[in-house]
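Small disclaimer: the values here were computed from a predicted structure and weren't measured. Within every chain, numbering begins at 1; the chains are lettered A, B, ... in the order of the sequence lines, protein sequences first and strands thereafter.
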Number of protein chains: 2
Amino acid sequence: MPMDGASIDLTGIDPAHHAAVSRLAADMRAGGVRRDEPVRATFALLGDRWSTLILLVLGMGVWRHAELRRVLGRLGAEEKISQRVLTLKLRALERDGFVARAVSADVPPKVSYALAPLGESLHAEAWRLIGWVRDHAAAIEAARHAFDAQDE
Amino acid sequence: MPMDGASIDLTGIDPAHHAAVSRLAADMRAGGVRRDEPVRATFALLGDRWSTLILLVLGMGVWRHAELRRVLGRLGAEEKISQRVLTLKLRALERDGFVARAVSADVPPKVSYALAPLGESLHAEAWRLIGWVRDHAAAIEAARHAFDAQDE
DNA sequence: CGGTATCCTAAAAGATACTG
DNA sequence: CAGTATCTTTTAGGATACCG
């Protein structure tokens, strides 16, 4: 499988995007790339085990803390999120303007969470990613088996 | 800021998407949600510090291992990725069909990495996410300041 | 130069118990 | 029920050294 710069498959990448990418690539190779804030920010935002998942579920309506915790536990991975961590993540998401938190006047007070407008917007992106994986799950599975079968 | 089910801002969410989300939400609340494979798979795939970033850079061409490491170090966060981890992540991405690895016949052999077709496709999604964050960085920043300023 | 083996640390997350 | 305070565990990732 010979590889050279000219042989890259750019299927599905639109030209404007490709141009932007190429420019950045050139900068990178030249060593002149400044720490690109959006890139770093993106991964600081979503680089943990739960944040995107929380955003995803909150995108489905208004949730009480406990209810949200139960659902995340079922969705997430094998594990459940701990009460502490859920509170932590919600705080962080609220701080960044993604999540809205409302406390009722009841005794004991009821606390509800939903997406703030900024969160709604990001939610669409997250959902797209889920869609992509759903659509390509079979291909990924196949690649995995092929890789495991023979030693390259 | 009162919140009830009817008041959610669904700006920018298309109706079909919204319907799908609502159905899933209903399942969730009913407790009947099976562990939704695509969702979990997505986060297993991209839920770490480097994979998406690696995908992003690989989308810009063909890279040697060392060169890739340098660039990632500049882009990533403050830190550089260790040689071990880069190899680990590249292996995993190769296994899933995202990355192609080529070894030349030279002595010593040169190893090059690029995106496989499946990776090209995912790359577009990753890039979109970067774009989203770039476009909303100011809003996030503002929310953060507002949150920090007064104690809610 | 790319890869691997070892060891080690730091950060994230879990468990538990307690408060209003 | 939501939140917080401790304490402990896990583990992903870093440092280092060595091999082909």
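- Rounded to whole angstrom, the span from the CG atom of A/L88 across to the P atom of C/dA12 amounts to 10 Å.
- With sequence neighbours left out, the salt bridge (charged side-chain N to carboxylate O under 4.0 Å, His left out) criterion links A/R91 to no other residue.
- Applying the salt bridge (Lys or Arg N to Asp or Glu O under 4.0 Å) test to every pair with at least one member in residues 137-146 of chain A, sequence neighbours left out, gives these pairs: A/R144-B/D96.
- Considering only side-chain N and O atoms, A/K89 lies nowhere under 4.0 angstrom from the phosphate OP1 or OP2 of C/dA12.
- Atom CZ in A/R69 sits roughly 10 Å away from atom C1' in C/dA15 (whole-Å rounding).
- Straight-line distance from the CG atom of B/L53 to the P atom of D/dG13: 12 Å, rounded to whole Å.
- Between B/R49 atom CZ and D/dT11 atom P there is a gap of 16 Å when expressed in whole angstrom units.
- Qualifying salt bridge (charged side-chain N to carboxylate O under 4.0 Å, His left out) partners for B/R84, counting only residues two or more places apart in sequence or in other chains: none.
- Listed by chain and number, the residues in a side chain to side chain donor-acceptor pair (under 3.5 Å) with A/S82 amount to none (sequence neighbours excluded).
- The aromatic rings of A/H136 and A/W132 sit parallel to each other, their planes meeting at less than 30°, with 60° as the upper class boundary.
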Sort me out a list of protein N/O and nucleotides 2-6 of chain C N/O pairs below 3.5 Å, or just none if empty.
{"unit_1": "C/dG2", "atom_1": "OP1", "unit_2": "B/R64", "atom_2": "NH2", "d": "3.4"}
{"unit_1": "C/dG2", "atom_1": "OP1", "unit_2": "B/H65", "atom_2": "N", "d": "3.0"}
{"unit_1": "C/dG2", "atom_1": "OP2", "unit_2": "B/A66", "atom_2": "N", "d": "3.0"}
{"unit_1": "C/dG2", "atom_1": "N7", "unit_2": "B/Q83", "atom_2": "NE2", "d": "3.3"}
{"unit_1": "C/dG3", "atom_1": "OP1", "unit_2": "B/R101", "atom_2": "NE", "d": "2.9"}
{"unit_1": "C/dG3", "atom_1": "OP1", "unit_2": "B/R101", "atom_2": "NH2", "d": "2.8"}
{"unit_1": "C/dG3", "atom_1": "OP1", "unit_2": "B/Y113", "atom_2": "OH", "d": "3.0"}
{"unit_1": "C/dG3", "atom_1": "OP2", "unit_2": "B/H65", "atom_2": "ND1", "d": "2.8"}
{"unit_1": "C/dG3", "atom_1": "OP2", "unit_2": "B/Y113", "atom_2": "OH", "d": "3.3"}
{"unit_1": "C/dG3", "atom_1": "N7", "unit_2": "B/Q83", "atom_2": "NE2", "d": "2.9"}
{"unit_1": "C/dG3", "atom_1": "O6", "unit_2": "B/Q83", "atom_2": "OE1", "d": "3.2"}

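- Not a single salt bridge (charged side-chain N to carboxylate O under 4.0 Å, His left out) links A/R69 to another residue, sequence neighbours left out.
- In the helix from C/dC1-D/dG20 to C/dG20-D/dC1, the end axes, each obtained as the rotation axis mapping the C1' atoms of four pairs onto the next four within a five-pair block, lie 40° apart to the nearest 10 degrees.
- If you take CG of A/L86 and C1' of D/dC1, they are 13 Å apart, rounded to a whole angstrom.
- Every residue was checked against the ring-ring contact (aromatic ring centres under 6.0 Å, His included) condition with B/H65, not counting sequence neighbours, and none meets it.
- Looking at residues two or more places apart in sequence or on another chain, you find no side chain to side chain donor-acceptor pair (under 3.5 Å) involving B/T87.
- In this structure, B/W63 places its CH2 atom 17 Å from C1' of C/dC1, rounding to the nearest Å.
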